[in-house]
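Below is one structure, written out as structure tokens; comments come after it.
Note that the coordinates shown come from a computational prediction; the quantities given were computed from them, not determined experimentally. We name chains A, B, ... by the order of the sequence lines, and we start the count at 1 in each one.
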Amino acid sequence: MTGNAPFLVVGIIFFLGMYAILFERNLIKIAIGITLLEASANLLLIVLGYRTGGSIPVYTLAGGTRTMVLPTPQALTLTAIVIGLATSALLLSLIILLYRHYGTLDVREIRRLRG
Amino acid sequence: MNWQIHLPALALAVPLLGAFVSPVAGLGGRLTRNAWMVLVSMATTAICILLWQRVVAGGTVVYVMGAEAWNITLPSGLSWPIRIILEVDAFSAFMVVVGSIAALAGAFFSLRFMDKFTGLEKFSALFFLLVTGMLGMQLTGDLFNFFVFLEIASVASFGLIAFWRDRPEAVEASFKYMVVSTISAMFVLIAVGFFYGRYNAVNIAAVARMLHMGYAEKIALVFIVVSLAMKCGAVPMHMWTPDAYAEAPAGVTCLLVAVSQASLYGLFRVCFSLYGASLGSTVVPWTIIVMGVLSMFIGVTMAVIQKEMKRLMAYHSVSQIGYILMALGVGLLSLKDPQAMADYGFTAMKGGIFHIINYTMYKGLLFLTAGAVFYSAGTRNLNELGGLARVMPLTTFMFAIAAAAIAGLPPFNGFVSKLLIYQSTFAVYPLLAVAALVTSVLTLASFVKVFQTAFLGPAKKTFEKVTEVPASMLLGMSVLTIVIVALTLFPGWTLSHLVEPAAKALVDQAGYISAVMGGGL
């Protein structure tokens with residue numbers, strides 16, 4: 001049961017993020033929702049990468065067929081975090097530009113493009 | 001050693017170098033920067049065409065980054081498929097050729113189109129990053145790298161869509177696109193996590209060999225189909241397409257069309273090469289077909305009522321994506337049944353893949369002509385435009401070719417691919433072919449409207465001083481025009497040399513796996 005707790009946390013963070021993106025009206029809150037989504041994806045990668053009872057795969061010391069925890073998902077997560085950082089920075093700077101143009105952060109008022 | 005074995009890596013390295021040297025080249029003034037942009041895009045296109053030749057002649061090319069083998073083997077005999085690989089089969093090679101031609105045309109066009117603005121060295125840096133991302137998505141043989149290149153392409157395109165950041169609409173469009181594509185990238189990452197959790201691998205071929213349909217795979221498939229359909233602008237998730245395409249500078253829109261094809265490529269690579277026959281039920285193929293039909297019909301009906309030239313064309317790209325989705329969905333439907341595949345499935349796939357190149361070429365050309373009209377006349381509003389054929393004869397000529405091709409008028413290339421799609425979808429369910437035909441008629445109607453209001457009619461007083469666009473913009477447009485005319489004149493050659501190998505490579509899942517893993521299937 002406790003083994004599944006990390007997945008539960010991933011699910012909760014994921015749905016919080018989706019909720020914020022879909023139903024919040026403030027641009028900053030939408031940006032927070034996107035970062036929550038990124039956090040849940042990263043956490044999922046880390047959790048899925050762990051093998052119960054696994055050891056470190058050191059090149060020379062690796063034994064026969066023992067379970068090992070490969071560092072691949074950690075490397076993937078680091079890459080994803082860096083990408084997420086770049087996206088968040090750009091997202092916030094676009095929000096600043098939008099605020100300068102429209103004078104508001106409310107998505108209901110920022111809709112010059114339609115039809 | 002033959003330098004040609006490094007072609008897959010060069011196809012990524014050259015535009016990447018182009019991107020990061022651009023600011024330096026920008027220090028040397030306008031001429032140096034333009035020369036660099038032309039040089040890099042021509043080199044990229046040449047590399048992509050060479051790569052395509054190599055793949056057609058010698059079969060699938062597998063390139064391992066920084067190592068000899070696709071896996072790492074420990075002294076104890078354990079081995080893991082953890083190397084970074086590029087895998088280029090005929091379908092990927094076809095896609096990179098299409099994408100790089102669109103990038104070349106966009107680069108030529110942007111040289112003068114962007115002249116009035118500052119920060120151009122940043123523009124060309126972002127432009128080449130977008131090219132790198134697009135080519136990377138099409139060349140990689142690794143699910144996680146697909147995500148990385150997807151993000152490179154997305155981040156570069158956010159910057160390019162919002163390039164005119166003094167226009168509120170551009171920033172708004174960019175923000176909308178950013179929310180949509182970040183969500184879809186995260187969905188792809190979650191799917192990658194599921195694959196890693198199940199199979200300890202992110203290598204597409206390695207995962208495909210071990211794949212057994214279970215709950216985790218179904219969840220991953222849902223995430224991938226939803227996110228990539230969102231990225232290529234299929235109907236329930238199409239709201240970003242018209243905004244982003246209409247607000248980006250025209251040369252960039254031409255490239256964005258090709259980038260959306262890269263998402264489409266990812267969708268079909270996953271469906272055909274990763275899942276293949278183990279998709280089991282017909283739910284996924286029918287979902288794709290239904291999305292395609294909805295995209296075709298809703299896209300075109302929205303397009304008919306538009307008054308702004310680029311927005312109208314952007315809604316047409318939603319409907320053209322629908323054709324491709326429907327055709328390849330039919331191919332996916334018949335994947336398990338060799339008889340159905342021979343009867344109609346393979347024709348549908350040929351039609352769909354032929355439509356990819358046709359769509360990228362004529363849609364890119366249409367966006368470039370819209371940009372040319374905007375450059376010369378200063379407006380994109382169809383209610384204000386008129387009589388431009390008198391002052392811009394060459395642009396008008398190229399617009400007419402592209403419009404005839406997209407409407408599927410008989411001699412043109414659009415007709416050939418649409419005919420293949422009609423034939424094959426009729427065999428599955430006649431209503432699909434009817435929907436495609438109705439869409440085609442409405443497409444013709446809306447382009448007759450654009451042609452008539454913008455280019456024909458009496459000369460207007462306000463446009464007396466309008467002249468033809470500069471030569472480099474005409475050059476960019478004529479690259480695409482020449483490709484369209486060539487595809488029109490030699491449909492037989494195109495089908496047998498470009499399209500059929502690509503379709504065969506997509507169907508041949510075992511070939512895709514064994515190209516990486518060796519014969520031990």
Side-chain angles (χ1 to χ4, degrees), chain A residues 10 14 17-18 21 27 30-31 33-35 37-51 57-66 68 70-73 75-77 79-80 82-84 86-88 90-91 93-98 100-102 107 110-115, chain B residues 72 74-78 80 82 143-145 147-148 150-152 154-155 158-159 161-162 165-176 178-183 185-198 200-202 216 239 242-244 246-247 302 305-308 311:
Chain A
V10 169
F14 179 81
M18 281 312 281
I21 294 166
L27 290 183
I30 291 179
I34 288 176
T35 27
L37 209 58
E38 278 162 8
S40 77
N42 291 335
L43 193 58
L44 182 74
L45 273 180
I46 289 291
V47 171
L48 284 172
Y50 184 69
R51 299 284 174 272
V58 182
Y59 190 74
T60 47
L61 296 180
T65 50
R66 277 182 304 155
M68 287 189 222
L70 282 183
T72 321
L76 303 188
T77 314
T79 319
V82 173
I83 293 171
T87 326
S88 312
L90 197 53
L91 197 62
S93 62
L94 280 184
I95 292 177
I96 295 174
L97 280 177
L98 277 176
R100 277 197 199 143
H101 285 306
Y102 291 85
V107 282
I110 303 177
R111 36 185 323 189
R112 208 169 285 184
L113 291 165
R114 23 176 184 183
Chain B
I72 180 167
L74 300 187
S76 56
L78 286 176
W80 284 290
I82 60 167
L143 283 166
F144 185 74
N145 281 347
F147 161 77
V148 171
L150 183 79
E151 282 284 33
I152 292 177
S154 308
V155 173
F158 308 149
I161 293 168
R165 65 197 175 97
D166 50 331
R167 283 172 54 87
E169 291 90 353
V171 183
E172 186 185 334
S174 178
F175 185 81
K176 221 183 249 185
M178 184 158 205
V179 172
V180 168
S181 68
T182 315
I183 294 174
M186 284 307 126
F187 280 9
V188 171
L189 186 60
I190 289 172
V192 172
F194 275 107
F195 285 124
Y196 185 83
R198 287 280 289 183
N200 289 329
V202 285
M239 64 292 174
D243 301 349
E247 293 308 322
M302 288 300 288
I305 57 171
Q306 295 301 317
K307 292 188 186 64
E308 214 238 85
R311 215 172 157 75

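For the pair B:Phe175/A:Leu91, a side-chain contact is recorded, criterion being any heavy-atom separation below 4.5 Å from C-beta on. Within the 4.5 Å cutoff, the side chain of A:Ile83 has heavy atoms near those of the B:Phe147 side chain. Looking at A:Phe14 and B:Ile190, their side chains come closer than 4.5 Å, going by heavy atoms from C-beta outward.
Contact of B:Tyr196 with chain A is made through backbone and side chain together, with heavy-atom distances under 4.5 Å. The part of B:Val202 that comes within reach of chain A is its side chain, from C-beta onward, which places non-hydrogen atoms under 4.5 angstrom from that chain. Heavy-atom distances place no part of A:Ile46 under 4.5 Å from chain B, backbone and side chain included. Residue B:Glu308: no heavy atom, backbone or side chain, is found under 4.5 Å from chain A. Of the two parts of A:Leu94, the backbone and the side chain both hold a non-hydrogen atom closer than 4.5 Å to a non-hydrogen atom of chain B. A:Ile110 touches chain B through backbone and side chain together, each having a heavy atom under 4.5 Å away. With a 4.5 angstrom heavy-atom cutoff, A:Ala86 does not touch chain B via any of its atoms. If you measure heavy-atom distances from A:Leu76 to chain B, the contacts under 4.5 Å come from both the backbone and the side chain.
When each of B:Val155, B:Ile152, B:Asp166, B:Val192 is checked for heavy-atom pairs under 4.5 Å with chain A, B:Asp166 comes out on top. Most heavy-atom pairs under 4.5 Å with chain A: of the set B:Gly193, B:Gly159, B:Ala246, this distinction falls to B:Gly193. Each of A:Leu45, A:Ile30, A:Val10 has some count of heavy-atom pairs under 4.5 Å with chain B, and the biggest count is that of A:Leu45. Of the listed residues B:Glu151, B:Glu169, B:Lys307, the one with more heavy-atom pairs under 4.5 angstrom with chain A than any other is B:Glu169.
Residue-environment remark: CZ (B:Arg167) exceeds the threshold of 12 foreign heavy atoms within 6.0 Å.
In this structure, the separation between CG on A:Asn42 and CG on B:Leu189 is 6.5 Å, given to the nearest 0.5 Å. Annotation: the span from A:Leu48 atom CG to B:Arg198 atom CZ amounts to 11.0 Å, rounded to 0.5 Å.
Under the side-chain contact (heavy atoms from CB on, under 4.5 Å) rule, B:Thr182 has a single partner from A:Thr87, A:Leu90, A:Leu37, which is A:Thr87.
Closest approach of A:His101 and B:Arg165 over heavy atoms only: NE2-O, 2.7 Å.
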